[in-house]
Amino acid sequence: MTRMTVEQAIHQALREEMEHDPRVILMGEGVATKHRDLVEDFGAERVRNTPLAEAIMAGTAVGAAAGGLRPVVDLLFAPFLPYSMDALVNSAGKLRYISGGQFSFPMVAMAMTGAGWAVGAQHNHNLEAMFVHAPGLKVLMPSTPADFRGLLKAAIRDENPVLFFIDLGLLHQEGEVEARADELIPLGQAAVRREGTHVTMVSYAKTVGACLQAAEQLEARQISAEVIDLRSLKPLDEETVLASVRRTGRLIVVHEASGLCGVAAEIAALAATKAFDALRAPVVRLTGPDAPAASSWVLEQAGVPQAEAVVAAAVELVLGTSEHTRAVMAHY
Amino acid sequence: MTRMTVEQAIHQALREEMEHDPRVILMGEGVATKHRDLVEDFGAERVRNTPLAEAIMAGTAVGAAAGGLRPVVDLLFAPFLPYSMDALVNSAGKLRYISGGQFSFPMVAMAMTGAGWAVGAQHNHNLEAMFVHAPGLKVLMPSTPADFRGLLKAAIRDENPVLFFIDLGLLHQEGEVEARADELIPLGQAAVRREGTHVTMVSYAKTVGACLQAAEQLEARQISAEVIDLRSLKPLDEETVLASVRRTGRLIVVHEASGLCGVAAEIAALAATKAFDALRAPVVRLTGPDAPAASSWVLEQAGVPQAEAVVAAAVELVLGTSEHTRAVMAHY
Amino acid sequence: MNVSEHTEPVADHHGVPGPTHESATPEARLSSLETMMLIRAYEEQLVELQRGGAPGTCTSVGQEACAVGVIGALDERDRILTNHRSAGHLIARGADPGRMMAEVLGRTDGYCGGRSGSLHIASRELGVVLTSTIVGGELSMAPGMALAQKMGRGEPGGIVAVFFGDGAACEGIFHESLNLAVQWQLPLLFVCENNQWQAFVHRLETMPDRAIADWAHSHGLPTRSVDGNAVEEVYAAAARAVAEIRVTGSPQFLELVTYRQRGHFEPDDQSYVDPDELVAWRRRDPIQGYREHLLESGLIDPEGLAAMERRVRERIEAAAAFAQASAWPAPDRLTDHVYA
Amino acid sequence: MNVSEHTEPVADHHGVPGPTHESATPEARLSSLETMMLIRAYEEQLVELQRGGAPGTCTSVGQEACAVGVIGALDERDRILTNHRSAGHLIARGADPGRMMAEVLGRTDGYCGGRSGSLHIASRELGVVLTSTIVGGELSMAPGMALAQKMGRGEPGGIVAVFFGDGAACEGIFHESLNLAVQWQLPLLFVCENNQWQAFVHRLETMPDRAIADWAHSHGLPTRSVDGNAVEEVYAAAARAVAEIRVTGSPQFLELVTYRQRGHFEPDDQSYVDPDELVAWRRRDPIQGYREHLLESGLIDPEGLAAMERRVRERIEAAAAFAQASAWPAPDRLTDHVYA
Ligand SMILES: Cc1ncc(C[n+]2csc(CCOP(=O)(O)OP(=O)(O)O)c2C)c(N)n1
Ligand SMILES: Cc1ncc(C[n+]2csc(CCOP(=O)(O)OP(=O)(O)O)c2C)c(N)n1
Ligand SMILES: [Mg+2]
Ligand SMILES: [Mg+2]
């Protein structure tokens, strides 16, 4: 085991996979500037700065993937993905199906997002749910350095197009990482970060931390919370979520993205359709507001569900309603 | 009252609003070819064919709206919206907020989608949920000629950017339409198409028809179904949905778009979070599959929830499980 | 008619074929004619089927010389990307009209098992890959496919040809694609079939008259504009570009000036089309012109022509019978092929 | 240095100001210098604040002549769209550095109440509208704004100026925007500040050397490339373009060749920058050059300059104090302004 940051874990995954498979290439605006060591070790042919044009970056990844390469394209920030949307949604997501299975698109598109940089809604927009909704794509959004590394490696080896979202607020977070190069984390498996019996918290990315903090605080009140980190938003590990909800009977879903048609809606719907009989209380969604992200630090932070709100929701679910919890939750 | 098709209703709404407000302009690839009468009556300045470039079409609508016009941009088919996504999501949806309320973007972006033309996934992709998820936008998807007319007129008069989706399968459907030019239908109000007591069906666009058919068939079995047509996906009429679910205790959500993070997920989540105590049975989602739309007529139709499946789901919900209903529903 | 001033102009023959490329043997020329006739007959058959209720299509009637000329200049190593108006490219590449028609009808024997329909038929085995009906989709994927070729993932020496319309040149992705191909020096032939129409809008409503060649030229890649209705001119220009790309590894651009003789998507009454323009271009029909040329030059006689017509008709009739006899896909296979 | 060959070339003075536009009075020239100094001081203050923990910014150090020259050629009727590197445009237009700084710091007195931060500051009252940090966003909205002007929704006679970088010219929307403006004959001045950098990539990695002018020219609109570090040259070219646009109602294109002297976004160690290139361009600093020019020409003396520097320093100090004293927005106002 080695200690490293999320940023280092991503870099290591890229390096190892480029080592592992000569078909892996890395491209994007500034990737060759940023990963100069990779250029040195794998050559300028495999690590390519691109013109500033997200549509052709993504389209080129799609074409290269169909042509036999395994491209990783760094699209920088999630709000730039709309420029790439046609290539990702209409080409990568559909052309395998449309062609009757003749082609595959083994590629990864990376992008950062989330609060933490105070630069506003055109750099911070958690739009991962849009890609979960689109057919033919897979979507990852890890929370720990080990998962960033293991999932990115697995994504690069996957035969399908994968969107890999990087929560900006986690970039410098440290954690233990398994150093073996063949250590992959399969797509589609949620991680139970903490076991519990009274309430299930489902989250991903930065807000997993809020849930874990909340769970710790709840312990003092004799409330035992299970925390599930989805990691893989598509394929979604329905079984782990449902099994937990069936045990606890209570569900809180937490994420930074806004709520309407978001992942929390999907998880809540899952419980309401497939674990209804086990539910003992209303499902709770704690999400970012239906608003663009604000730049100002205080507003930016106010848009992210925090541990306090998770605690309040859990207390209300497990122990019943109170004025205080209502006030805290009204915020979300 | 006049009888007209959806296509005629759309045309009439455009004509009336251009008459009503000289700031209304219409633009898009082929709109001047298609609506030649509008060119004649309102001039080529207000009805403009554009180059084939969806990004600048949408961006131009955004800029024109901020500049004091009220543009309607026809983007033809929903799968072309990804090319327009930056203008719609990052500019129209966010720049009002980002600017601290300095600008408004009174504009409508129209697009067709849905099964019925057998031309495949690059013309048929129900991606309305992506725009519901995006902040700052409104999203409409009507089902009757009267609603197409009344909602399009209201959308044109709204101060915010509105996505107006046209279910291709409804284009030639006829219905009675109120002929008064000032007859608007406010955004954000669902329509109860049929009242019932045992089960609530929530749908929009083409599949409202499947629900109504199902409700009729269910009558013979003494099952009384309420059918709610959302019409406005954002703002969403939570109250009408919740009030119905609180009365019936049972909810089926039906739409053609795929399920993951779709509108049905949102409605199911709504019930599970805000009408939980009233729910007597699991929520049921009947949606298109998590797959691109196929071209072949039989596959295209198989991708759309039909009345039979709605009936089966309702019977199961109201009367309990049966092998037959399981078999029918396994399909979705 | 536009001819390029950016490289040596290719003579403008208004429908009469230009100088024959040396390598075009008599057999090759006869075969070019027959293939153009096959494309025409195939598409006319689709129009017939559409009248009977089959899904509509975008025919390439009037543009057959573009497909036959360019595809004829490619070989097996090369890969082709195309768009919604692709029947000519597929047939010129040797696709089976029966399997194509089955695809249009949504049947299991179609090239894509009925999932594509007419608008995105691809055939990996033929090297016709990544067909997109999103205008510009093919342009967005072409540099990546060419990069894969360049990096040794295709056949050695293979290049990529991407077909698109004048409308696609209005999409920003056109420029992004050209710029990337130039910056990365990719073995990519851009083929713009400038058929004057963009669905229901004439291209002069959307761009300056000489825009396509001017835009391409501004990206700094060798650019030729030729008469797209003269199959041998097209072939000559394409063969030269292909040969140069194989040597240099760098992209080139070919504008084929032609005309969409039928509507955008069947059925289409073309009421919005200037009848004079239409008539003028029909007079320059690529098949009619080439047929007369080959008759005049004695390469074929009226009997040979009649036999050719018969062969074509029989193939298309057989194709239609095959397609109509093909089974519908089973609804329970709806979600096959979404993921690998 | 690039100068346009497409229209009459404007002489290339390598940092020494070109011929003065007749209408530039001594006062105007002194004011240009002071405004450039104010922009520089404002941005250096932001760098200072960033070191103390404030959010980063994209400074326009080295590009002040572009902002001052072009904005100086516009008047109140006109509307401006800009991008992430907009401080110069705002200040040249008369924006209050205090309110700008408050915005960067996320405070209520900021132009956008703290919702924008540094990257998308807009001020409707100043006619600086629709600032987008999505590269190309400003280009996508510019034709629509110009259409609204043309259709009488703005001030009579007003035009639109849109500022963007060389990187934005790589985005397809650049071409879509130019083409639409040309086809629709919109009163729109495209201003490309070609500062050689696109974040962490030198533009010569992304485009041919002369690409920007060549691309623009291929769209058929009048195109000029001038030395973006020579404020009077910029002013002269912009004034002429603006005057022509007011008469013709049609778009024009201005490339300002300049250099981003600091990093892309503070903090940035510029380790990826060729030090020789950086030094060469710093020698051509627009403010230093103009200051010397005005001193030499006797328009100002060292004392006057010192007074000017003092005024600028005082304004910026006051601005910083104002910004830091401004209140944070209340968290419960988070969702204000989402909908109209
Ligand atoms: C992005 C996109 N916009 C619009 C359409 C609808 N459409 C299909 S073909 C076509 C015209 C394309 O013109 P051109 O590129 O010249 O090709 P042509 O049809 O003339 O062969 C249009 C507008 C589409 N398929 N994709
Ligand atoms: C669509 C998009 N892609 C990438 C970025 C990240 N980014 C911000 S500024 C910039 C460089 C832009 O270069 P240029 O247009 O030349 O403007 P400059 O920064 O040099 O003023 C980049 C890549 C962005 N904001 N938007
Ligand atoms: Mg065309
Ligand atoms: Mg730049």
Side-chain angles (χ1 to χ4, degrees), chain B residues 22-23 25 27 43-46 48-71 73 83-107 135-138 158-161 187-188 234-235, chain D residues 79 81 103 108 110-117 119-125 128-154 160 162 171-184 186 329 335-340:
Chain B
R23 295 170 302 174
I25 63 168
M27 48 187 265
E45 192 171 41
R46 291 180 63 198
R48 292 172 170 261
N49 277 346
T50 61
L52 179 36
E54 288 76 7
I56 197 64
M57 283 182 216
T60 299
V62 175
L69 294 168
R70 300 184 85 86
V73 56
Y83 272 159
S84 303
M85 203 90 180
D86 174 61
L88 298 172
V89 169
N90 283 321
S91 297
K94 295 179 182 171
L95 285 181
R96 175 177 177 75
Y97 183 80
I98 288 177
S99 72
Q102 292 183 77
F103 306 101
S104 56
F105 299 94
M107 58 174 279
L137 304 175
K138 298 187 176 183
D158 200 277
E159 291 303 320
N160 298 285
L187 277 65
K234 188 176 190 176
Chain D
R79 288 168 170 175
L81 284 81
E103 186 59 47
T108 46
Y111 272 102
C112 310
R115 278 162 185 77
S116 158
L119 295 179
H120 348 62
I121 301 178
S123 164
R124 191 187 180 91
E125 77 218 51
V128 181
V129 298
L130 302 184
T131 306
S132 174
T133 186
I134 298 292
V135 169
E138 65 297 333
L139 283 162
S140 85
M141 295 180 285
M145 185 59 73
L147 178 66
Q149 294 278 59
K150 183 182 168 125
M151 289 181 69
R153 306 303 314 167
V160 171
V162 56
E171 299 278 5
I173 193 73
F174 167 84
H175 296 275
E176 294 187 11
S177 183
L178 264 67
N179 186 42
L180 190 76
V182 168
Q183 287 307 110
W184 286 10
L186 300 174
T335 59
D336 287 3
H337 304 309
V338 179
Y339 289 96

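Every chain is numbered from 1, with letters handed out A, B, ... down the list of sequences.
Separating the CE atom in Met141(D) from the CZ atom in Phe105(B) is a distance of 6.5 Å, to the nearest 0.5 Å. Here CG of Asn90(B) is found 9.5 Å from OG of Ser140(D). Values are rounded to the nearest 0.5 Å. Distance check: Lys150(D) NZ to Leu69(B) CG gives 12.5 Å after rounding to the nearest 0.5 Å.
Note: Gly136(B) leads Pro106(B), Pro135(B), Pro161(B), Gly136(B) in heavy-atom pairs under 4.5 Å with chain D. For chain B, the option among Val160(D), Val338(D), Asn179(D) with the highest count of heavy-atom pairs below 4.5 Å is Val338(D). Counting heavy-atom pairs closer than 4.5 Å to chain B, the top residue among Gly136(D), Ala148(D), Cys112(D) is Cys112(D). By number of non-hydrogen pairs under 4.5 angstrom with chain D, the leading residue of Arg46(B), Arg48(B), Glu159(B) is Arg48(B). Looking only at heavy-atom pairs under 4.5 Å with chain B, the residue among Ser116(D), Gly114(D), Gly113(D) that has the most is Ser116(D).
The contact between Leu147(D) and chain B is made by backbone and side chain atoms together, counting heavy-atom distances below 4.5 Å. Proximity to chain D (any heavy atom under 4.5 Å) is restricted, for Leu95(B), to the side chain, taken from C-beta onward. When heavy atoms are compared at a cutoff of 4.5 Å, Leu137(B) approaches chain D solely by way of its backbone atoms N, CA, C and O. Within the 4.5 angstrom heavy-atom criterion, only backbone atoms of Thr131(D) (N, CA, C, O) approach chain B. If you measure heavy-atom distances from Leu119(D) to chain B, you find no contacts under 4.5 Å at all.
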> Between Trp184(D) and Met27(B), is a side chain to side chain contact (heavy atoms under 4.5 Å, CB included) present by the stated rule, with each step listed?
Replying inline: CA-CA 12 Å; Trp184(D) 286 10; Met27(B) 48 187 265; 4.2 Å; yes

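Residues Asn160(B) and Ala340(D) approach most closely at OD1-N, 2.7 Å, considering heavy atoms. Val128(D) and Phe103(B) get closest at one heavy-atom pair: O-CZ, 4.4 Å. Here the shortest heavy-atom pairing between His337(D) and Arg96(B) reads O-CG, 3.4 Å.
Under the side-chain hydrogen bond (donor to acceptor under 3.5 Å, both in side chains) criterion, Arg153(D) pairs with no residue, sequence neighbours left out.
When atom types are taken as modelled, the side chain of Gln102(B) and the backbone of Arg124(D) share a donor-acceptor pair closer than 3.5 angstrom. Between the side chain of Tyr97(B) and the main chain of Tyr339(D), no donor-acceptor pair closer than 3.5 Å is present.
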Quick one: side chains of residues 53-67 of chain B, donor-acceptor pairs under 3.5 Å with protein atoms, not counting sequence neighbours, listed by atom name and distance.
{"from": "Thr60(B)", "atom 1": "OG1", "to": "Ile56(B)", "atom 2": "O", "distance (Å)": "2.6"}

